[in-house]
Amino acid sequence: MKIATFNINGIKARVGALADWLDSAQPDVAMLQEIKSVDENFPRELFEERGYNVATHGQKGFNGVAILSKLPLEDVTRGLPGDDEDEQARWIEATVVGKTAIRLCGLYLPNGNPAPGPKFDYKLAWMERLQARAVDLLAAEEPAMMAGDYNVIPQPQDAASPEDWTEDALFRPDTRAAFQRIVNLGFTEAVSTRLPGPGHYTFWDYQAGAWRRNNGIRIDHILLTPQAADLMRDLGIDKEIRGYDKPSDHVPVWVDLDL
DNA sequence: ATGCCACAGCGTCTGTGA
């Protein structure tokens with residue numbers, strides 16, 4: 001089962017590029033971030049006509065996450081637990097059942113800039129809530145994954161120019177430590193496990209010729225519980241689509257699990 | 001030190017992103 005995560009940076013602007021990618025990559029599941037759409041305006045038909053079931057958790061203007069799946073989406077829940085006041089649409093969960101079941105969590109972690117400041121505080125608080133959910137997922141001792149745009153550069157080797165990011169919310173010590181704490185609970189960070197070493201970027205800014213100069217960063221991650229990691233057959237980053245027409249600034253990351 | 005570029009929204013500018 002091929003399961004992908006992709007920050008599409010706006011469904012309205014990405015209808016063509018997203019359809020092209022689905023048709024060529026043929027993921028069984030795609031977790032999408034930054035749909036920038038309310039649920040009513042999400043073009044479900046585009047995906048349903050390709051055989052996907054669709055679950056969305058959108059909001060007006062920005063944020064918003066969704067899951068597309070060729071298998072039925074069961075027990076869908078929306079919103080990251082731990083703060084009833086939080087209205088930002090950044091988290092969606094569903095279960096799909098292949099040979100065995102897997103719990104899928106799609107996430108769009110807050111950017112956090114400028115740091116320090118209230119947005120950075122929100123990011124760190126959100127990561128604490130993420131850690132609490134992660135603890136529960138591990139305790140279940142079942143296949144599960146948390147995939148999405150983490151807005152975290154884990155290590156200096158995950159940026160082409162790490163010196164440009166030292167003060168940035170994506171790379172500050174507090175951010176990296178919070179991410180490492182979650183991984184260290186017992187997850188497999190799939191990309192760095194399968195593709196060790198520098199240069200495996202998932203985001204290139206639209207500005208200043210970042211793609212042309214390969215000035216990228218690795219911020220889209222897949223975390224697997226041990227029971228899911230045991231099923232991993234393959235993993236990839238579809239970086240070539242960053243050079244196609246009307247691209248997102250992120251590219252898809254996918255994992256093939258024996259499910 | 002700033003803007004570079006892109007997207008959505010009631011929109012010819014502002015907020016947001018990374």
Side-chain angles (χ1 to χ4, degrees), chain A residues 5-21 32-43 46 56-66 86-91 106-124 126-127 130 147-176 178-179 191 199-221 237 239 241-253:
Chain A
T5 174
F6 188 7
N7 180 323
I8 59 173
N9 189 17
I11 185 61
K12 200 168 146 190
R14 215 63 61 215
V15 162
L18 180 56
D20 289 346
W21 171 71
L32 307 179
Q33 300 90 40
E34 281 206 272
I35 64 172
K36 296 187 178 181
S37 162
V38 293
D39 296 333
E40 308 82 77
N41 292 345
F42 192 77
L46 180 72
T56 60
H57 180 39
Q59 72 178 90
K60 191 165 111 177
F62 55 106
N63 299 332
V65 289
D86 185 0
E87 305 205 333
Q88 298 196 31
R90 298 178 173 277
W91 180 268
L107 67 101
Y108 175 46
L109 204 147
N111 172 308
N113 281 306
K119 292 192 173 181
F120 190 59
D121 294 341
Y122 173 69
K123 176 175 195 157
L124 295 179
W126 203 94
M127 294 182 84
L130 176 60
D149 177 1
Y150 279 74
N151 272 316
V152 175
I153 303 167
Q155 301 292 335
Q157 69 174 15
D158 298 315
S161 304
E163 62 277 10
D164 291 347
W165 297 92
T166 50
E167 300 300 317
D168 195 281
L170 278 63
F171 193 57
R172 290 176 75 93
D174 286 352
T175 302
R176 294 170 56 196
F179 180 75
V191 177
H200 302 293
Y201 309 133
T202 66
F203 170 92
W204 294 260
D205 201 296
Y206 291 119
Q207 304 180 66
W211 168 248
R212 180 172 45 79
R213 297 164 44 211
N214 194 28
N215 184 14
I217 52 177
R218 188 172 74 89
I219 56 175
D220 298 273
H221 307 304
I237 302 172
K239 68 178 284 187
I241 74 168
R242 183 64 179 79
Y244 295 177
D245 284 344
K246 294 268 297 171
S248 172
D249 40 8
H250 296 250
V251 296
V253 181

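Here the structure is a predicted model, which means the values were calculated and not measured.
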Item to complete: Using a heavy-atom cut-off of under 4.0 Å over every strand shown, decide if A/F171 touches base, sugar-phosphate, or nothing.
Response: nothing
Worksheet item: Mind checking the C1' distance from B/dA1 to B/dA6? Whole angstroms is fine.
Response: 22 Å
Worksheet entry | B/dG3 versus B/dA8 - spacing of their P atoms, nearest Å | 23 Å
Item to complete: With heavy atoms under 4.0 Å as the rule, sort A/D168 into base, sugar-phosphate or nothing.
Response: nothing
Worksheet item: When rounded to the nearest Å, what value does the distance between P atoms of B/dT12 and B/dT2 take?
Response: 26 Å
Practice prompt. Report yes if some heavy atom in the side chain of A/F171 is under 4.5 Å from a heavy atom in the side chain of A/P156; otherwise report no.
Written response: yes
Worksheet, complete the sentence: Separation of B/dA18 atom P from A/I153 atom CD1, nearest Å, is 11 Å
Practice prompt. Report the relative orientation of the aromatic rings in A/W204 and A/W211; use parallel for angles under 30°, tilted for 30 to 60°, perpendicular for over 60°.
Written response: perpendicular
Discussion item. Just to be sure I understand the geometry, which residues of residues 113-124 of chain A put a non-hydrogen atom under 4.0 Å away from DNA chain B?
Written reply: A/K119
Worksheet item: B/dG17 phosphate, OP1 or OP2: any side-chain N/O from A/R90 under 4.0 angstrom?
Response: yes
Item to complete: Heavy atoms only: give me the nearest A/I241-A/P247 pair and the separation to one decimal.
Response: O-CB, 3.7 Å
Worksheet item: Rounded to the Å, how far apart are A/N215 CG and B/dG3 P?
Response: 19 Å
Worksheet item: Is there side-chain contact between A/H221 and A/P154, with at least one heavy-atom pair below 4.5 Å?
Response: yes
Worksheet item: Looking at A/L170 and A/T175, what are the two nearest heavy atoms and their distance?
Response: O-CG2, 4.0 Å
Item to complete: Provide, to the nearest angstrom, the distance between the CD atom belonging to A/E167 and the P atom belonging to B/dA18.
Response: 19 Å
Discussion item. For the C1' atoms, the ones on B/dG11 and on B/dC7, what distance do you get once it is rounded to whole angstrom?
Written reply: 12 Å
Discussion item. Within the 3.5 Å criterion, strictly below it, is a donor on A/D39 or A/T56 matched to an acceptor on the partner's side chain?
Written reply: yes
Worksheet item: Expressed as a whole number of Å, how far does the P atom of B/dC13 sit from that of B/dC4?
Response: 15 Å
Practice prompt. Name all residues meeting the side-chain hydrogen bond (donor to acceptor under 3.5 Å, both in side chains) criterion together with A/K36; count only those two or more places apart in sequence or in a different chain, and write none if there are none.
Written response: A/N9
Worksheet item: Between A/S248 (side chain) and A/N7 (backbone), is there a donor-acceptor pair under 3.5 Å?
Response: yes
Worksheet item: Are side-chain N/O atoms of A/Q88 and A/N63 paired as donor and acceptor at under 3.5 Å?
Response: yes
Discussion item. How would you summarise protein contacts on nucleotides 4-14 of chain B per nucleotide, using B for base, S for sugar-phosphate only and - for none, with heavy-atom distances below 4.0 Å?
Written reply: BBSBSSS----
Discussion item. Output the rounded distance in Å from CD (A/E87) to P (B/dT16).
Written reply: 15 Å
